[in-house]
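See structure below.
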Amino acid sequence: MPKQTVRDLKLDGLKVLVRVDFNVPQGKDGSISDDRRIKAALPTLTHALNHGASLILVSHLGRPTGDPGTDAPFRLDAVAARLSALLGKPVAKVDDTVGPAAKAACAALRPGEIVVLENVRFNKGEKKGDPKFAAELAGLADAYVNDAFGTCHRDEASMVAVPECFPPERRALGFLVEKELKILETLLGDAKRPMVSVMGGAKVSDKILIIENLLPKVDHLLVGGAMTYTFLKAQGHEIGKSRCEGDKLDEARKLMSLAGLKLVLPVDHLIATAPEATAEVKVVEGPNIPEGWFGMDIGQKTIELYSGMIRTAGTVVWNGPMGKFEDAPFRDGTLGVAKALAASTGVTVVGGGETAEAVETFGFAAKVTHVSTGGGAFLEYLEGKAFNSLRVIPDREG
Ligand code: ADP
Ligand code: 3PG
Ligand code: MG
């Protein structure tokens, strides 16, 4: 059943608290290195403004432990300035969340105006889901919209207890969350076949639950990245010094027997004398890695094999880089898979922090159907978890 969205709210004259995920990647000097998450919230914000609302924006940024004084890089000033530039209109920023500055700014808000409150995680009540803090935050507004897809797997106050303070007809999802959920539902429901899942990344332990949940739905599960070597070791092969989770071998065996022929492992590997860009590299075929060498990327034959299966798929979902793509010598596998997704005529979905970053950096984001703004949220949804942040938003009537 679809959830109530910002389209269903009577917005005219209302002060709307929009929970956004402006947790953007930052450079060492605190500057914004990627504003994708801010851009992704714009459709909801402009819709609400165009319908006579004023906006109170609430977000976290990073995981601050101190207060705004000691944790200055976690303040939301730069984010508010970027939002103002993207919207082409003034955006006020206050230095607290439920303190006197926030209360005064919210009380004075007029239709069409926007205020960004300070990083909500400076308040201890946020992480704890404290009802008293939630009531104070909710007291600033007349209605609540959740457009923070990247945070939907968290039970923090601004995600669950705050919306619970509003009457059901004044709680809704924003367009970004609506879009992300629609795509994820397609993947878990009636996806166009053949469906191919490409799984890579650092650890098999992070991905076991997703693999289990996706296996009955996919036709092929293509494996790459460091997790390859846990699977190969579990099959009894030599893996040299490649990354391996020794305590997950039984689970890897269980997954492989569950998957049968659906699970495809690399047929060749780019290996290196050290996991560093300056190391000596070569390609080996077959499932064994020589003693002393590190498996760092899938090899060219695997790139071709996987690309062929991706290009002809009806649906592709990709999470986890194929190698240590951050270093140029180990980039080709991830680049090859990204190219194949871009060339596919099927529905292509990319999710996960590093995977999304890779696709963005390679310049393929516009060529795939959807790059999720979620890292953990994307993964946990594919694991089949139910989110409290969504439970508290009512279904649409009729
Ligand atoms: P995501 O954030 O997209 O879910 P992960 O966090 O699971 O992805 O994994 C990403 C990391 O895995 C990358 O930083 C990459 O360097 C690392 N990685 C992938 N393959 C290898 C490998 N063969 N050896 C070492 N690191 C790897
Ligand atoms: C993310 O970047 O995955 C979300 O913004 C959630 O952030 P968190 O992992 O610090 O809760
Ligand atoms: Mg990651």
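Keep in mind it's a predicted model, so treat the numbers as computed, not measured. Both counts, for ligands and for their atoms, begin at 1 and track the order of listing.
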Ligand 2-proximal atoms of Met159, by part, heavy-atom distance under 4.0 Å:
neither

Is it true that [X] and [Y] make a salt bridge, defined as a side-chain N closer than 4.0 Å to a carboxylate O?
| X | Y | value |
| --- | --- | --- |
| Glu156 | Arg121 | yes |
| Asp96 | Lys103 | no |
| Asp8 | Arg396 | yes |
| Asp77 | Lys93 | yes |
| Arg19 | Glu126 | yes |
| Arg193 | Asp219 | yes |
| Glu164 | Arg171 | no |
| Glu245 | Lys203 | no |
| Lys3 | Asp395 | yes |

Between His237 and Tyr229, is the ring centroid distance below 6.0 Å?
no

Assess the pair Tyr381 and His153: is the distance between their ring centroids shorter than 6.0 Å?
no

One pair to check against salt bridge (Lys or Arg N to Asp or Glu O under 4.0 Å): Glu178 and Arg7. What are the steps and the verdict?
CA-CA 11 Å; Glu178 183 190 35; Arg7 235 181 261 110; 3.1 Å; yes

Compute the shortest N/O to N/O distance between Asn319 and ligand 1 and return yes if it is under 3.5 Å, no if not.
yes

Which atom, among the N/O/S set of Glu354, is closest to the Mg ion (ligand 3)?
OE1

Can you name the atoms of ligand 1, numbered from 1 with element, that are less than 4.0 Å from a heavy atom of [X]?
| X | value |
| --- | --- |
| Thr355 | 1 (P), 3 (O) |
| Gly353 | 1 (P), 2 (O), 3 (O) |
| Gly225 | 20 (N), 23 (N) |

[options]: member with heavy atom nearest to [atom]:
| atom | options | answer |
| --- | --- | --- |
| atom 23 (N) of ligand 1 | Gly295, Ala358, Gly201 | Gly295 |
| atom 10 (O) of ligand 2 | Arg63, Lys127, Glu156 | Arg63 |
| atom 1 (C) of ligand 2 | Arg37, Arg121, Glu380 | Arg37 |
| atom 15 (C) of ligand 1 | Glu326, Glu357, Met199, Lys207 | Glu326 |
| atom 8 (O) of ligand 1 | Ala226, Gly224, Pro321, Pro266 | Pro321 |
| atom 27 (C) of ligand 1 | Lys324, Glu354, His269, Met296 | Lys324 |

Which heavy atom of the protein is the closest neighbour of [atom], given with residue, atom name and distance?
| atom | result |
| --- | --- |
| atom 7 (O) of ligand 2 | His60 NE2, 3.3 Å |
| atom 25 (C) of ligand 1 | Arg243 NE, 3.8 Å |
| atom 12 (O) of ligand 1 | Ala202 N, 3.3 Å |
| atom 4 (C) of ligand 2 | Gly150 O, 3.2 Å |
| atom 18 (N) of ligand 1 | Gly323 O, 3.8 Å |

Which of the numbered atoms in ligand 2 are under 4.0 angstrom from any heavy atom belonging to [X]?
| X | result |
| --- | --- |
| Asp21 | 4 (C), 5 (O) |
| Asn23 | 1 (C), 2 (O), 4 (C), 5 (O), 7 (O) |
| Arg154 | 8 (P), 9 (O), 11 (O) |

Within 2.8 Å of the Mg ion (ligand 3), is there any N, O or S atom belonging to Asp206?
no

Logged contact type for Lys203 with ligand 1, heavy-atom cut-off 4.0 Å, is neither

To the nearest 0.5 Å, tell me how far Ile183 CD1 sits from Leu188 CG.
12.0 Å

